[in-house]
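Beneath this line is the structure, given in structure tokens, with notes to follow.
Remember, predicted model here, so these are calculated numbers, not experimental data.
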Amino acid sequence: MTKSNERSLAAPLENVSPGSFPLVRPRRVRQADWSRRLVAETRLSVDDLIWPIFVVEGENQRVAVASMPGVERLSVDLAVAAAQEATELGIPALALFPYTDPALRRDDAREAFNPDNLVCKATRAIREANLNIGIVLDVALDPYTSHGHDGLLIEGRIANDETLEALVKQAMVQAEAGADILAPSDMMDGRVGAIRRALEAGGYRDTMIMSYAAKYASAFYGPFRDAVGSSSTLKGDKRTYQMDAANTDEALREAALDLAEGADMIMVKPGMPYLDILQRISQDLRAPTYAYQVSGEYAMLMAAIQNGWLDGDRVVVESLLAFKRAGASGILTYFAPRVARELRDRPTG
């Protein structure tokens, strides 16, 4: 090529300002799969997933949850099989929730303190299977109370301090059963500190606490309450202890208090409608922060997927990437096994 030709090719760009088209073409890095992967800012992996599972009495029992298509309550033996599946898929942890026989529900939530309750039995059975998987157990009274609240109801009010004593008893039987992480979801004041002190005194200093630090009084929990059997028992609502959806600064205060009381990890619940909360907490507090893609989020996506309105695999992965992009260390999601398989089978080039 002659010098004159070089000048003629360059001439149209002589007056182009730096930082403008066509010198800058952001699409260059998006033109191929390999280059998109090379510059990706956010990664979703199986290591980010916690799989919530509902447990029911019996043997070889699968009970469909009508409001959560594809989700079933599993008897203890099948919960062990699910744990085996999760281990094979590389999912790091399960979160177990009980469907308590209505006959066992009491005002004092005494079944929560039973060392042989459903989640304790399931935890021990998974432990006996020698699986390399973490077990998260919820610390709250709502699956065990006759009124469906997370705390003790005294004279029509949720009694904070009396509930703390009950939560400590519940936490201790769960730790004794072999839970790796206790997840207080009750939103009582001071519960993290009370549980942490009891764990230390009882010799369970390595048991972790994942606090539901910013748990909102949300309309997105309906299908979960169906799954654990508290929809029909709940009297009133939970707005005197769960957070107001209008507030963000309050969430930072709650999360900071829980960390100061001994929480190792904190959680925002629900997930997608509260991505702004997740981002603020993760950026400001710099602690491991998790999001729960709750039952209502799952049910909405599944309804659209089953009707063919959304591409299931793509929309589920995209929804979880949103949590990671907002700063989540990990996500509790009923889609965990589906996403784990999708990530495993996804072509890399």
[X] and [Y]: which non-hydrogen atoms are nearest, and at how many Å?
{"X": "V29", "Y": "S35", "answer": "O-OG, 3.0 Å"}
{"X": "A171", "Y": "I195", "answer": "CB-CG2, 3.9 Å"}
{"X": "I53", "Y": "A82", "answer": "CD1-CB, 3.7 Å"}
{"X": "Y204", "Y": "E176", "answer": "OH-CG, 2.9 Å"}

Donor-acceptor pair, [X] side chain versus [Y] backbone, under 3.5 Å?
{"X": "E297", "Y": "G271", "answer": "yes"}
{"X": "R124", "Y": "A177", "answer": "no"}
{"X": "T289", "Y": "M267", "answer": "no"}
{"X": "Q170", "Y": "A140", "answer": "yes"}
{"X": "Y216", "Y": "N247", "answer": "yes"}
{"X": "K324", "Y": "T42", "answer": "no"}
{"X": "D48", "Y": "I331", "answer": "no"}
{"X": "D150", "Y": "L141", "answer": "no"}
{"X": "E261", "Y": "G193", "answer": "yes"}
{"X": "R62", "Y": "E72", "answer": "no"}

For this session: Would you confirm whether the ring centroid of F224 sits within less than 6.0 angstrom of the ring centroid of F54?
Result: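 Yes, close enough.
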Problem set entry | Pairing residues for E254 by the salt bridge (Lys or Arg N to Asp or Glu O under 4.0 Å) criterion, not counting sequence neighbours |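 Residues passing salt bridge (Lys or Arg N to Asp or Glu O under 4.0 Å) with E254: none at all.
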Under 3.5 Å, sequence neighbours excluded: what are the donor-acceptor pairs made by side chains of residues 89-101?
| from | atom 1 | to | atom 2 | distance (Å) |
| --- | --- | --- | --- | --- |
| T100 | OG1 | P143 | O | 2.9 |
| D101 | OD1 | A103 | N | 2.9 |

Problem set entry | Exercise: do T145 and R106 side chains pair donor with acceptor under 3.5 Å |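 On atom types as modelled, these side chains do not qualify, holding no pair under 3.5 Å.
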Contact between [X] and [Y] at the side-chain level, heavy atoms closer than 4.5 Å - yes or no?
{"X": "Y334", "Y": "M68", "result": "yes"}
{"X": "L320", "Y": "L49", "result": "yes"}
{"X": "H149", "Y": "D142", "result": "no"}

Problem set entry | R25 CZ to Q31 CD distance, which is reported to the nearest 0.5 Å |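 Output value for this atom pair is 10.5 Å.
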Could you tabulate the donor-acceptor pairs under 3.5 Å formed by side-chain atoms of residues 129-136, not counting sequence neighbours?
none

